[in-house]
Number of protein chains: 2
Amino acid sequence: MSDTPRRSAYHHGDLREALLDAAGAILREQGPAALTLREAARRVGVTHRALYRHFRDKEELLAVMAAKGYAELLEQARMELAAEDRRPEDRLLTIARVYLRYAVADPARYALMSGARLNVDGRFPELEAQVTAGIGLLNAELEATAPGVTGTALRDAGLTLWAAMHGVADQLNQGRIRVKPERLDGYSRVLLAPVVRGLAETLRGG
Amino acid sequence: MSDTPRRSAYHHGDLREALLDAAGAILREQGPAALTLREAARRVGVTHRALYRHFRDKEELLAVMAAKGYAELLEQARMELAAEDRRPEDRLLTIARVYLRYAVADPARYALMSGARLNVDGRFPELEAQVTAGIGLLNAELEATAPGVTGTALRDAGLTLWAAMHGVADQLNQGRIRVKPERLDGYSRVLLAPVVRGLAETLRGG
DNA sequence: ACCTGAACACCGTTCAAGT
DNA sequence: ACCTGAACACCGTTCAAGT
């Protein structure tokens with residue numbers, strides 16, 4: 001009932017987390033244009049200046065959010081892959097399913113993660129590390145479709161598959177592909193199975 | 001030598017074009033963050049308020065720029081397709097080559113075109129019309145790879161191919177794929193040929 | 001018809017200070 | 001150590017006016 005901001009809650013080092021949560025909520029609820037440092041600070045009941053104690057500038061806040069997003073996405077992919085254990089092609093489509101669900105669940109967050117490079121000049125190595133881990137996961141699963149492929153061919157195939165997943169994600173989030181949530185998984189499969197097929201055949205030396 | 005803005009030049013209805021050119025130059029030279037209405041007005045030597053005579057707001061300026069971009073891209077694709085006349089699969093890869101060259105030539109412009117949906121609520125039908133024309137071109141060429149395919153299967157394949165091209169474009173522009181300009185065409189082909197292959201095979205009912 | 005000037009409500013960021 | 005207040009240089013947009 002009180003409308004005084006509860007400042008005392010953030011004296012134990014959790015202001016940083018509170019700010020990240022608030023920023024994430026703004027992004028989800030109101031979109032990227034509404035995500036300002038001042039609004040995030042307002043939400044946790046703190047002066048906008050307090051933020052600079054925990055983040056160097058706005059870009060650093062965004063980079064940390066993006067890195068957390070990639071970590072979450074990777075964890076979900078690993079869990080799904082551990083739960084299922086099928087043909088290599090199906091495992092790739094499992095990754096695609098997790099990826100697209102994640103992208104659609106929070107479009108603005110996905111746009112932040114995949115958008116204009118935040119890591120210019122290697123400023124945020126922890127963000128780049130998450131992306132690299134994601135590429136690694138994808139390539140490992142790709143290799144299983146064609147054991148023994150060379151490094152370059154594998155990397156190229158990984159880039160293509162990632163590009164296709166990203167492209168479909170963007171089309172979904174821009175409303176150019178319209179799918180009911182319960183049909184998303186099936187439709188992802190329809191769109192991406194031909195890509196997986198073409199890649200696997202090419203890798204196996206067609 | 002004079003430092004007075006030449007106002008008199010824009011009394012014949014070309015201020016609108018001058019503003020679009022200036023905005024495009026800012027985007028190309030300094031990136032999206034630098035593209036403000038005030039800066040565009042400064043470049044053509046006019047008060048920032050003059051802009052509102054020609055564009056309703058910033059979003060409309062951006063939408064017009066994006067629509068012009070799509071028109072240009074489409075024209076280039078049509079010219080290249082007219083010049084070459086080969087197997088259907090190669091014609092699709094020609095589209096991909098034109099698309100990626102265009103995206104890489106001006107990354108910020110491409111980001112504007114492919115980025116957050118400007119056409120919310122059908123506000124800019126001319127922009128949507130360009131996109132639709134692009135999809136039409138792609139689908140027409142796709143159909144040639146598998147004559148007689150049904151509408152849905154064709155549309156899905158078109159979405160997948162477009163998604164893959166867009167994804168590769170983003171990876172290139174974010175520096176995750178590093179290619180020398182003279183190698184871009186060849187590398188586009190390496191990345192996208194497997195996709196075209198998988199799509200063609202799937203369309204032909206594999 | 002087309003452009004300008006002054007003002008408003010916002011930003012991110014810096015400086016100097018409070019506890 | 002952590003947060004605040006006041007200020008600066010920017011935005012996009014609106015209102016009322018100039019020619």
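Below, chain A is the first sequence line, B the second, and so on; all start at residue 1.
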Within 6.0 angstrom of [X] [atom1], more than 12 heavy atoms from elsewhere:
{"X": "Arg123(B)", "atom1": "CZ", "value": "yes"}
{"X": "Glu126(A)", "atom1": "CD", "value": "yes"}
{"X": "Gln30(B)", "atom1": "CD", "value": "yes"}

Q) Think Thr47(A) has a side-chain N or O under 4.0 angstrom from the OP1 or OP2 of dC3(D)? A)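 No, no such contact exists.
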Q. How does DNA chain D look in dot-bracket notation if pairs are Watson-Crick or G-U with both distances under 3.5 Å, crossing ones as [ ], other-strand ones as |?
A. ||.|||||...|||||.||
Q: Say whether Tyr110(A) and Asp170(A), considering side chains only, have a donor N or O and an acceptor N or O under 3.5 Å apart.
A: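 No - no donor-acceptor pair under 3.5 Å links their side chains.
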Q. In whole angstrom, what separates Leu51(A)'s CG from dT13(C)'s C1'?
A. 11 Å
**Q.** Atom-to-atom span, CZ of Arg38(A) to P of dA7(D) - whole angstrom
**A.** 14 Å
Q: Summarise how protein sits on nucleotides 14-19 of chain C as a single string, 5' to 3': B when a protein heavy atom is under 4.0 Å from the base, S for sugar-phosphate-only contact, - for no contact.
A: BB----
Q: Taking only the side-chain heavy atoms of Arg42(A) (C-beta and beyond), determine which of dC11(C), dG12(C), dT4(D) contains the nearest atom.
A: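 Given the options dC11(C), dG12(C), dT4(D), the side chain of Arg42(A) is closest to dC11(C).
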Q) From the list dT4(D), dT13(D), dC11(C), which nucleotide is the closest neighbour of the side chain of Val46(A)? A)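 So the side chain of Val46(A) is nearest to dT4(D).
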**Q.** Geometric cation-pi criterion, Arg109(A) with Tyr102(A): 6.0 Å, 45°
**A.**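 Here Arg109(A) passes the 6.0 Å and 45° test against Tyr102(A).
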Q | Salt bridge Arg197(B)-Glu201(B), side-chain N to carboxylate O under 4.0 Å | A | yes
Q.
Measuring only between side-chain heavy atoms, which start at C-beta, is Tyr52(A) closer than 4.5 Å to Leu37(A)?
A.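 With C-beta onward as the side chain, the pair touches.
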Q | All salt bridge (Lys or Arg N to Asp or Glu O under 4.0 Å) counterparts of Glu80(B), not counting sequence neighbours | A | Arg97(B)
